[in-house]
2 protein chains.
Amino acid sequence: MISSWFHLNPRSGVPLYLQLKEQVKTAVAGGVLKPGDRLLPVREMADNLSVNPNTVARAYSELEREGLLSSEQGRGTFIRAAEPLLGEEERKIQVQGLMDKVLVEAFNLRLTPEELQLLWKQRLQAWETRLRGAKRGGW
Amino acid sequence: MISSWFHLNPRSGVPLYLQLKEQVKTAVAGGVLKPGDRLLPVREMADNLSVNPNTVARAYSELEREGLLSSEQGRGTFIRAAEPLLGEEERKIQVQGLMDKVLVEAFNLRLTPEELQLLWKQRLQAWETRLRGAKRGGW
DNA sequence: AAATATGTATTAATGTATTAATACAATTAT
DNA sequence: ATAATTGTATTAATACATTAATACATATTT
């Protein structure tokens, strides 16, 4: 059962709906959840995670607004297969903004460009590996 | 006057103290502010930004806790020159975490590893260029 | 020594975010 | 058709974050 991979920590300081959002996003980005896959119904997921159904509903609806999920009343909630909502250029700008934040943090931590470059290479490779594994149904 | 580069937007949704923190961090990472440089006193900075002195004090003290600034009662607040608070390994782990968040977002935006790699290269180069400029007193 | 400049601490006012309780709407299954 | 399943909307309770008001402590300057 897919949902059992999610678990929330009510004392982490991070809002429950955000924890769920991030876990879904990570699962999709990592290929654990694939386009067309169905998520548990809000109530079932809520039971599963021991939270109020609205908390799950909020996570789902925000992810839908972001283009990751597609919810249909009466039918269920699914991983969206269609094209991203944002255009190519906007998406790149968004990612660049995130990268710049990483760079600011990294330079303030006194990492050198060389160290940074090495770390990046490693992380990117780790994800590529994971993605290849997921395509073969690794999980 | 250094502080005039900062300006806050009270209606942006982002807390004032966070806006200031980020701007200081960006200035330091970009070489605009260098170790030993003095920031405006809390009251003066507050006047300048039209916020309560406590708001500035909070930004300063959090940045001090993070190792970026050094505040001394009666003397002022300065860009810290000493070694980072965290050890090499911890700093790398922190940066890796940030990189992973970028990767999750990017893959969910359907960027390919190749596109990602290109963007990264561009952003890193942009920062390296800026840093070289700052060392020659470019601003 | 006194005055000034500066960072720090305490408390309170206010707004916002988070979560929950509950009812509603649409689709599907019987 | 009816019941069951599922997502959606509204409202409210609560907690937390943000900012401000004010007083205090330490260093520097005169």
Side-chain angles (χ1 to χ4, degrees), chain A residues 1-3 6-24 33 36-82, chain B residues 1-3 6-24 33 36-82:
Chain A
M1 170 123 353
I2 284 177
S3 69
F6 302 130
H7 47 85
L8 309 184
N9 175 5
R11 280 160 304 175
S12 78
V14 180
L16 301 170
Y17 79 97
L18 272 186
Q19 292 184 47
L20 179 54
K21 277 185 69 177
E22 283 168 15
Q23 289 180 29
V24 173
L33 290 175
D37 282 354
R38 187 187 178 184
L39 295 180
L40 286 189
V42 288
R43 290 166 184 76
E44 207 169 333
M45 179 70 85
D47 262 17
N48 229 311
L49 301 172
S50 305
V51 298
N52 188 282
N54 281 319
T55 302
V56 175
R58 177 167 183 184
Y60 282 9
S61 78
E62 292 200 4
L63 289 171
E64 181 179 32
R65 187 168 44 72
E66 295 172 21
L68 205 82
L69 302 182
S70 162
S71 285
E72 299 164 56
Q73 193 154 307
R75 291 188 34 74
T77 298
F78 306 85
I79 308 296
R80 194 161 172 274
Chain B
M1 169 121 359
I2 283 176
S3 69
F6 303 129
H7 49 84
L8 310 184
N9 175 5
R11 279 160 304 175
S12 78
V14 181
L16 300 171
Y17 79 96
L18 272 185
Q19 291 183 47
L20 179 54
K21 277 184 70 177
E22 282 167 15
Q23 289 180 29
V24 172
L33 290 175
D37 281 355
R38 186 185 179 186
L39 295 180
L40 286 189
V42 287
R43 290 165 184 77
E44 208 169 332
M45 178 70 86
D47 263 18
N48 228 311
L49 301 173
S50 305
V51 298
N52 188 281
N54 281 318
T55 302
V56 175
R58 177 168 183 183
Y60 282 9
S61 77
E62 291 199 5
L63 289 171
E64 181 179 32
R65 186 169 44 75
E66 294 172 22
L68 205 82
L69 302 182
S70 162
S71 287
E72 300 166 53
Q73 193 156 304
R75 291 187 33 76
T77 298
F78 307 85
I79 307 297
R80 194 161 173 274

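Just so it is clear: chains get the letters A, B, ... in the order the sequence lines come, proteins before strands, and each one is counted from 1. Computed from a prediction, not measured in an experiment: that's the story for all the values here. Just the heavy atoms: all of them, side chains too, but no hydrogens, waters or symmetry mates, feed the values below.
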*Could you run down nucleotides 2-13 of chain C 5' to 3' and tag each one B, S or - for protein heavy-atom contact under 4.0 Å?*
----BBSB----

*Which pairs count as salt bridge (charged side-chain N to carboxylate O under 4.0 Å, His left out) when at least one residue sits in residues 48-58 of chain B, sequence neighbours excluded?*
B:Arg58-B:Glu62

*Find the distance B:Glu62:CD to D:dA17:P and express it as a whole number of Å.*
11 Å

*Starting at CG of B:Asn9 and ending at C1' of D:dT18, how long is that distance when rounded to a whole Å?*
16 Å

*For the pair made of CZ in A:Arg11 and P in D:dA15, what is the distance, rounded to whole Å?*
17 Å

_What is the distance, to the nearest angstrom, from the CG atom on A:Asn52 to the P atom on D:dG7?_
14 Å

_Could you measure the distance from the CG atom of B:Asn52 to the CG atom of B:Asp47? Nearest 0.5 Å is fine._
10.5 Å

*Just how far is it from atom CG of A:Leu69 to atom OH of A:Tyr60, taken to the nearest 0.5 Å?*
8.0 Å

*Whole Å only: how far is the CZ atom of A:Arg58 from the C1' atom of D:dG7?*
17 Å

_CZ on A:Arg43 to CG on A:Asn54, rounded to 0.5 Å_ = 9.5 Å

*Think B:Tyr17 has a side-chain N or O under 4.0 angstrom from the OP1 or OP2 of D:dT19?*
no

*Quick one: are B:Thr55 and B:Leu20 in side-chain contact, heavy atoms under 4.5 Å?*
no

*Please name the residue in the list B:Ser61, B:Ser70, B:Ser71 that meets the side-chain hydrogen bond (donor to acceptor under 3.5 Å, both in side chains) test with B:Thr77.*
B:Ser71

